[in-house]
Each structure stands twice: as structure tokens, then as C-alpha cells.
Amino acid sequence: MEAEALLKWKATLDNDTQTLLSHLWPVKTNHCNWAGITCHNTTGSVTGIALNDYDRRLRGTLDNLNLLAFPNLTSLQLRNNSLYGRIPSGFGNHSKLGFLDLSDNNFHGSIPEQVGSLSSLYYLDFSRNSLTGNIPTSIGNLSNMEFLYLSVNHISGSIPTEIGLLKSFSKLKLSGNNLTGVIPISIGNLTNLCTLKLHDNGISGTIPGDVRMLKSLKILTLTNNAISGPIPVSIGNLTSLVILVLSQNSLSGSTPPSPTYSNLTNLQLSNNHLTGTLPDNLCLGGVLTRFGVSNNDLTGSIPSSLRDCRSLYRVRLEGNHFTGNISDAFGMYPKLNYIALSDNNFFGELSPKWGQCPNLTCLQISNNNISGKIPFELRHATQLGVLDLSLNHLTGEIPKELGALQRMSRLLLSGNQFSGKIPSEIGLLLNLEQLNLASNNLSGPIPDSLGNCSKLFNLNLSKNNLGWSIPSSVGFINALQSLDLSQNSLIGGIPQQFGNLHSLEILNLSYNMLSGSIPEAFNDLHGLRFVNISFNQLEGPIPDLKAFHEASFDDLRNNKGLCGNATGLMPCVLPSRAGHGRERTIETPTRESESNEEKLGDIFSVLEFNGRELHENISKATEDFSSDYRIGSGRYGTVYRAVLPTGQIVAVKKLHQSEDSILINNLKAFESEIVALSEIKHHNIVKMCGFCSHTKHSYLVYEFVERGSLRMVLSNDEQATEFDWEKRLKVVKGMADALSYMHHDHPQPIVHRDISSNNVLLDLYYEARVSDFGTARILRPDSSNWTTLAGTYGYIAPELAYSMRVDEKCDVYSFRVLTIEVFMGRHPGDLLSYLSSSASALISTDRQILLKDVIDQRVSPPVSKAAKDMVSAMKIAIACLNVNPQLRPTMWQVTQDLSRQSLPLPSPLSTVKLGEFSLV
């Protein structure tokens, strides 16, 4: 009868499964000799069915497996197959079944309530299926249950309190489901429990204090839930713990108490809201191998027990506020494989001891305050694959000894003060995939040896002083997807070999001195998505590629003579021999006419526009400044949108009559100043294209910025909602970069004097573009800067009320007002005086204003990194409001703090009080 039941079931399975079982179960032999079938020695009755691990070749359902035909069945094991359908409720009739394993199949539906009738069951594994529904409460009847595995399904609902009735439990694994609710207090009854895995669910509430009763517990994993509150002090009683993983929750308070650490090999507390310092005895038992507390709000220095813990294998401390001298914070670790210390406040110099970590594959210490040089001894860490030291204060040359690290895949050294040449030995790193040396002081040529790095897909050498021509060998790095060589001093042409870079998606060669035409081979780069070749001396046709045709005017502008089908470019015209003579004849009277006009002072122009054509085209494009083309107005004029015959869109500010008269009376001075302003080249500053002084009217011509003013965006609820926190942070950084450039990097420092939300424009990508230099004056070091009061009410620095002296600290004050406005979504108004008094006096007040209550409520509250960055930006902004201008930071200091995020990051947003300078 049992053999017949097995064969009947086989006949209902998929064809391939039947073929397989026909070989395993020959009908002419006793079924007790069939593969996977176990029988009682004396009665010959089937006691076990074990068809495991047949490469998932068993396909079919259990619907036709008549379990009533096997009255003595004690074990059913069908794991790692392709069985599907529902789990039969008939299992509940088997009082002798003790071992049931259906894991790693494709079963769906809910766990049958009848499972609770399997009175002898001690092992149940339904892991890695597609089960849904709740965990049946009847499971509390299984008094003999020791092992319950339901991980990686789609089970929902809460953990039933009846779980606490199963006092024989040894291992409980419910991870990887959709469980919600809280951890039941009854779990404290499971005094024999060794393993409790509840990670990757939606469990909320707190960790119950009753976990102290789980004296046998060795493994506790609650990662990736919504658990909040403190880690219970009682968890310190679990001295048998070997693995404690509580990452990715909302836990607060301090780290677990000290008794826990004697046997721990793995402690993970990352991505929570933990505060305070690390305990002193982290590596008390000397067996800790994995330790992670990244992305919390922990402070203080690294305890000596961790510094001296030679058992460490993987360490993650990034994203906190740890401090201390990195020189002596860490020592030699014979087993260390990975360590991340980025985004903290470590200082000091890198120790040569890092070279004595023979198994180290990843060393990340970016965004700290590390100084000094990279020790050449690092070459001895021969397994090193990732080295990230970006955004620090490292100096000296990049050591050529790094070329010995043959396993290196990511070398990230941007945002330091490295000088000298890029060592040619970098070309020995044949496994290199990412190389970022941007924002340093590197000089000399790009080494030709980089062409050997055939796996390199991201190469960024921007913002250095690199010269010479681009080596053609770069064109042989076939894996290259992103290439950024912008803001250097590169000369010569674009190598023809760049046409070989078929994987290239992003190319930025802007702000160099490249010349010649773009190679025709570029037409083969069909994967190119973004290109920026602005501010070079390139000429000739652009490639027939979507990336060039759809490039913005900014990405192609300021070259010698590019042409083609793209915004702002003239169409390419083939030369014609027949017309040459006639063109020369026309050219002479045209030049004479223009010369006469300039003598009369009627029309002036700068940059690429001819004065007469500019005036005629703008008058025509605006229908002589019809209100239909008006897009805004300001203190100094009305702004119109004009589309030139080339297709380029410009913004035209027609000056008010009062300003026009100033221009006429001071034409030469005004022209000199406008020419100086037109030479400003910065991607966060609206470019002035030209100006025109005419007997009828005068105007300034700017590039057109699509979204309009910041004030317009903030005043529109729909646009403001789309203007999320990351975009707002981007705008604040862009404004700071623009002002820093004007104050510190321009040959003649320029003060704007009228920074307001009307004078900051946003492009399609929410890049801030500072505009309107109507009040700007070029600062000369040997002259005073006394002037009449200028600026917009609500943004003017307080010292201008009693002093007419204008300097860059006036812009710093206005920047601070505008930063707060960006985050509040409106002008801060009365909040300014409160913040100013708090910041200048450094006093606290009984009046508590929480940052979360004043930020723009039209946008969902910021979380994670955005929240931390926003609080840092607010802290910087409040430092800018000091009534004493000398105590305000410079815009250069502001940009450094914003880009490095080096200020200590505070508590969660909901606890930050405006006015308490130590928190903001």
C-alpha cells in the first residue's frame, strides 16, 4: 500500500520528475530499497521520506501524496526542489511526524492551522518559499518544538504570543518576512533558546526587557526592522551572546552595557540613533571579529580595547562624530580585512602601521581632518583593493609606492592638497576601476601609463593644475564610462583615439585650453549621455550625437567656433569659393559702419554678439519690449525673454529710466565694469552675454535660466513640493560656491551687495545661478568702498544701517538669510532677530524653537544624510549672522564646511533647537 501511494504520487508530478524517480524507484524492487525511502527494520513500514537536493529537479505538488498511507512516518524531507502549490492540511493527522522540512521550494498560500496538531513535531522548516498569511496561533500546541524555521517568505501579521509556550525551543528563525507588531513579552519564557533571528521584517516597538531571561541565547539578530527605544540594560545579562546584530532600526540611547562583550565575535549596531561613547571593554574576550556602529551619533575617541583588538576582521565606524588622533588610534591587525572610518572628526597623520595589516583589502578614512603625507609603507598592505582618503588635508606627493598594490580597484584621493605630478606607477594598477584625484594641486602631465589600466571605468582628474596635452593612451581604456578632466590647463587637441571609448557615457573636458576640432571618430560614441566641452578653444562641427544635440548652451559655450545642431550654436556652413570676393567687399563697409556707431556711443556689445545685430534681434524678439515677453522685474529693471535667430534664449533686463540716466552719464565707467563682469566664468553665476546703450533704451543681456527665481519656486506650492531637501542643499552649496568665487577667486574681488531670493535663479537641474549685478562694484584693495545703501530689505547686513562701507561680509550676512529662507520655504522674518541675538551672544534662551517646526512643511521631513547635512548647513548659516561682521566666516570657509561637512553633526532633527548654538 505504501509503495502504491508513492507511485501514485509520482504519476502526478511533472514529466522530468517522473523520469528521474523511475530510475530512483524501480517498481520491481522493494520500496524500502528505493532512494530516499527509509523503513522500520522489523515491520517494513515507511518511517522516512527524504528527497533532498536533487538540483531542484523535483517538480509538482503534494496534493496527491496520501500521507494517511504512511501511519509510521516520522520524517519528511523534500528541501531544495521545485515543488509548488499549497502545503496540505492533511499533515495535521500525523501524530508521529517529528521532522518536517519543505524548505527551498516554491510553495505558496498560508501555513495550515492543522500544523498545530503535529504533537510529536520538534523540527519544522518552511524557509525560502512564497508562503503568505499569518503564523498560526495553533503553533503554541507544539510542546516538543525545538527548531522553527520560517525565514524568507511573505508571512505577515504579528508574532503570536503563543510562541512563548514552546519552552523547548532552541532555534527560532522568522527573518525575511513581512512581520509587523511588537516582539511579544512571552519570548522571555524561552529559556533554552540559543538562536533568535527576526531580521528583515517590519517589527516595531521596543526590545522587551524580558530578553534578560534568555540566558542560553548565543545569536540575536533584529536588523532592518522599525524597532525603537533604547537597547535594554538587561541585555547585558546575556553573557552567552556570540552574535548581536541590531543594525538598521531606530534604536536610541547608548550602546549595550559592558558584560555583553566577553564572548562576542560579531556586534552590529549600525544605522540607528545611538549616542554617547563606545564602552571601554569592547574586545574584552579577545575574540571580536566583526564590529559595526556606522551612521549613528556616537562621539568620543576609540577605546583602547578596540585599538588593541588583534582579532578584528571587519570594522565599520563611519558616519559618526568620533574624534581623536588617528596616528595612535589604531595599530597592527593580522586578521583585519575591512575598516571604514569615513565621515568622522579624526585628526593627525596616517600611521605607517597600516602597512602591517597583511590581509587588509579596504581602508576608508574619507571626510576627516587627516593631515600629513600618505606613508610609503602602505605598499606592504599588498591585499589592499580600496583606498579612500578623499576630503582630508593630506599634502605632499602621491607616493609612487602605491603602484605596488596590484589588487587596487578603487583609489580615491580627491579633495586634499596633494601636489607634484601624478606618479606614472599608477599605470601598474592593472585592476584599477575607479581613480579620483580631483580637487588637489597636482601639476605636470597626465601620465601616459594610465592607458594600461584597461578596467578603469571612472577617471576623475578635474580641478587640478594638470598641463600638456591629453595622452592618446587614455583612448585605449575601453572600459571607461565616466571621464572628467575639467578645470585644468590642458592644451592641444582631443585625441582621435577617444573614438574608441564605446562605453563612455559622461565626458567633461570643460575649462581647459583645448583647441582644434572634435575628432570625427566621436560619431561612434553612441553611448554618450552627457558632454561638457565649454570654455576651451575648440572649433568646427559638433558630432552627430544625441549627447551633443541635446547639450545645454552652458555645456558648449565659450569656444572658438563650434557649429552644429545644438542650443546656442550657429549652423555649420560649407565654405564657398565663389563668394569670397563679395564677402570681403561687404566686410569693409560693415566694419566702418560699426566703428562709426561705437564712436557715437549708441551701441556697445561684449562677447560673441555684434552690437547692431544684438539690438535689432532683441527688439524684434520682444516686439519692442512688449509686456507679453515680460518674465519679471527687479529694482533696476524689467526682465524679458528673447529668442535670438540662432535659437539661443536670453534674458534681457531693460534698465529703468533712473538707471539708464546713470549709464548715459557714466558710460565709460559702466562699460568698463560690465566688461569685467562679463569675464566671470562660474557655473553658479549667470553669465552676462552683452549690454546695449541706445538712445531709445538700454539693457543688459544674460543667459536664460529656465526655472526662474528662487522666490518664484518657493512661492509656488507645487514647485516647492518638488523642491526636495537634496535639491535645496544643492542650491545652498551652489550659492556659496558662487559668492566664494566672487570674493576670493576672481582677479578683482567682487561684492554682489544684493543677494536675495529674487536674484538667485534655478536651472532645470536645480543648480543655483546667482544673477543681477546691478549693485555690484569691483573692489580694489587700495580704495575705500563707501557707497549709498543698496540691497533688498530683509537681506541687508545690519552694519549698513550705520555705516555705508561695503565689503564681502555683507554678502555673507545675506547668504545666511537666504539659506534659512531656502529651508523654511519663506523669508525668515522675525526669526532673524531671535537667531542673530542667540548667535552673537552665544546664549541660550527659555524660548525653544525646534528646527523641525520651522522648516518648509510642504516637503516631507528630511531623513538620514539629508537631515544631517541640512542641520550642518543651518549651523553654518547661523554662524554667518553675527552682528559683528568680523566674526562672520568668509565665503571660502563656508564652502569648505559645506563641501566637507566637517562640522560636528548634531542630534536628530527633532531635537535641534534654533538659537542653541551648540546644537545647531
Side-chain angles (χ1 to χ4, degrees), residues 552 630-635 639 641 649 651 683-686 702-739 752 754-772 791-795 813-832 834-835 849-878 880-881 894 898 908-910 912 914 920:
S552 70
R630 176 178 170 178
I631 57 175
S633 63
R635 180 172 177 175
V639 185
R641 182 181 185 271
I649 303 174
H683 68 280
N684 291 117
I685 297 177
V686 175
Y702 296 94
E703 63 177 321
F704 181 75
V705 183
E706 296 86 348
R707 292 189 186 274
S709 72
L710 175 61
R711 177 167 294 179
M712 290 171 57
V713 172
L714 291 175
S715 62
N716 183 296
D717 287 346
E718 184 177 346
Q719 294 184 50
T721 302
E722 185 181 346
F723 192 23
D724 60 34
W725 301 116
E726 289 185 357
K727 294 185 180 80
R728 296 187 190 214
L729 284 163
K730 181 180 180 181
V731 165
V732 169
K733 291 178 181 178
M735 295 189 304
D737 287 345
L739 290 172
H752 189 291
D754 193 13
I755 294 294
S756 71
S757 55
N758 265 336
N759 290 334
V760 174
L761 308 182
L762 303 183
D763 67 12
L764 284 175
Y765 307 102
Y766 292 93
E767 282 284 355
R769 311 292 288 277
V770 178
S771 73
D772 196 347
T792 301
Y793 178 76
Y795 301 87
Y813 183 92
S814 300
F815 164 78
R816 153 266 179 185
V817 178
L818 196 47
T819 297
I820 299 172
E821 182 174 350
V822 167
F823 293 140
M824 289 182 65
R826 63 188 187 281
H827 190 277
D830 294 339
L831 185 62
L832 291 178
Y834 166 68
L835 294 175
I849 302 179
L850 290 176
L851 179 55
K852 73 178 182 68
D853 295 329
V854 300
I855 60 175
D856 198 338
Q857 303 298 310
R858 294 171 293 183
V859 187
S860 299
V863 295
S864 189
K865 186 177 185 297
K868 292 184 176 182
D869 288 351
M870 196 181 91
V871 175
S872 287
M874 285 292 284
K875 180 169 186 176
I876 294 167
I878 291 176
C880 296
L881 57 73
V894 169
L898 284 173
L909 196 66
S910 59
V912 178
L914 296 180
V920 179

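With a 4.5 Å cut-off on side-chain heavy atoms, T819 and M735 count as touching. At least one side-chain heavy atom of L710 sits under 4.5 Å from a side-chain heavy atom of L762.
In this view, A738 and N684, I685, V770 satisfy the side chain to side chain contact (heavy atoms under 4.5 Å, CB included) rule, not counting sequence neighbours. Judged as a side chain to side chain contact (heavy atoms under 4.5 Å, CB included), and not counting sequence neighbours, the contacts of Q719 are V713, N716. By the salt bridge (Lys or Arg N to Asp or Glu O under 4.0 Å) test, R630 is found to be paired with no residue, residues two or more places apart in sequence or in another chain being considered. Scanning for salt bridge (Lys or Arg N to Asp or Glu O under 4.0 Å) contacts around E703 gives R557, R769, with sequence neighbours left out. For L729, the side chain to side chain contact (heavy atoms under 4.5 Å, CB included) test picks out F823, D869, M870, A873, with sequence neighbours left out.
Judged by distance alone, the side chain of S771 and the main-chain N or O of N759 form a donor-acceptor pair under 3.5 Å. At distances below 3.5 Å, not a single donor-acceptor pair connects side-chain atoms of K730 with backbone N or O atoms of W725. A donor-acceptor distance shorter than 3.5 angstrom exists from the side chain of R858 to the backbone of L714, with no hydrogens or angles considered.
Counting heavy atoms of neighbouring residues, nucleotides and ligands inside a 6.0 Å radius, atom CD of Q857 exceeds 12 of them.
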- After noting the C-alpha distance and the side-chain angles of V859 and T721, does the key distance pass the side chain to side chain contact (heavy atoms under 4.5 Å, CB included) rule? CA-CA 5 Å; V859 187; T721 302; 5.6 Å; no

- Checking side chain to side chain contact (heavy atoms under 4.5 Å, CB included) for the pair F704/I631: CA distance, chi angles, key distance, verdict? CA-CA 11 Å; F704 181 75; I631 57 175; 3.8 Å; yes

- Query: Can you check side chain to side chain contact (heavy atoms under 4.5 Å, CB included) on R707 and Y766, steps first, answer last?
  - Reply: CA-CA 8 Å; R707 292 189 186 274; Y766 292 93; 3.3 Å; yes

- Checking salt bridge (Lys or Arg N to Asp or Glu O under 4.0 Å) for the pair R826/D856: CA distance, chi angles, key distance, verdict? CA-CA 8 Å; R826 63 188 187 281; D856 198 338; over 6 Å; no

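Tested against V686 for a side-chain contact (heavy atoms from CB on, under 4.5 Å), the candidates L761, V760, D763 yield a single pass: L761. Each of V822, D737, I820 was compared with V732 under the side-chain contact (heavy atoms from CB on, under 4.5 Å) criterion, and only V822 meets it.
Put simply, CD1 on I755 and CZ on F815 are 10.0 Å apart, with the number rounded to the nearest 0.5 Å. Rounded to the nearest 0.5 angstrom, Y765 OH and S552 OG are separated by 6.5 Å.
Between S757 and E821, the shortest heavy-atom distance links the atoms OG-OE2, 3.0 Å.
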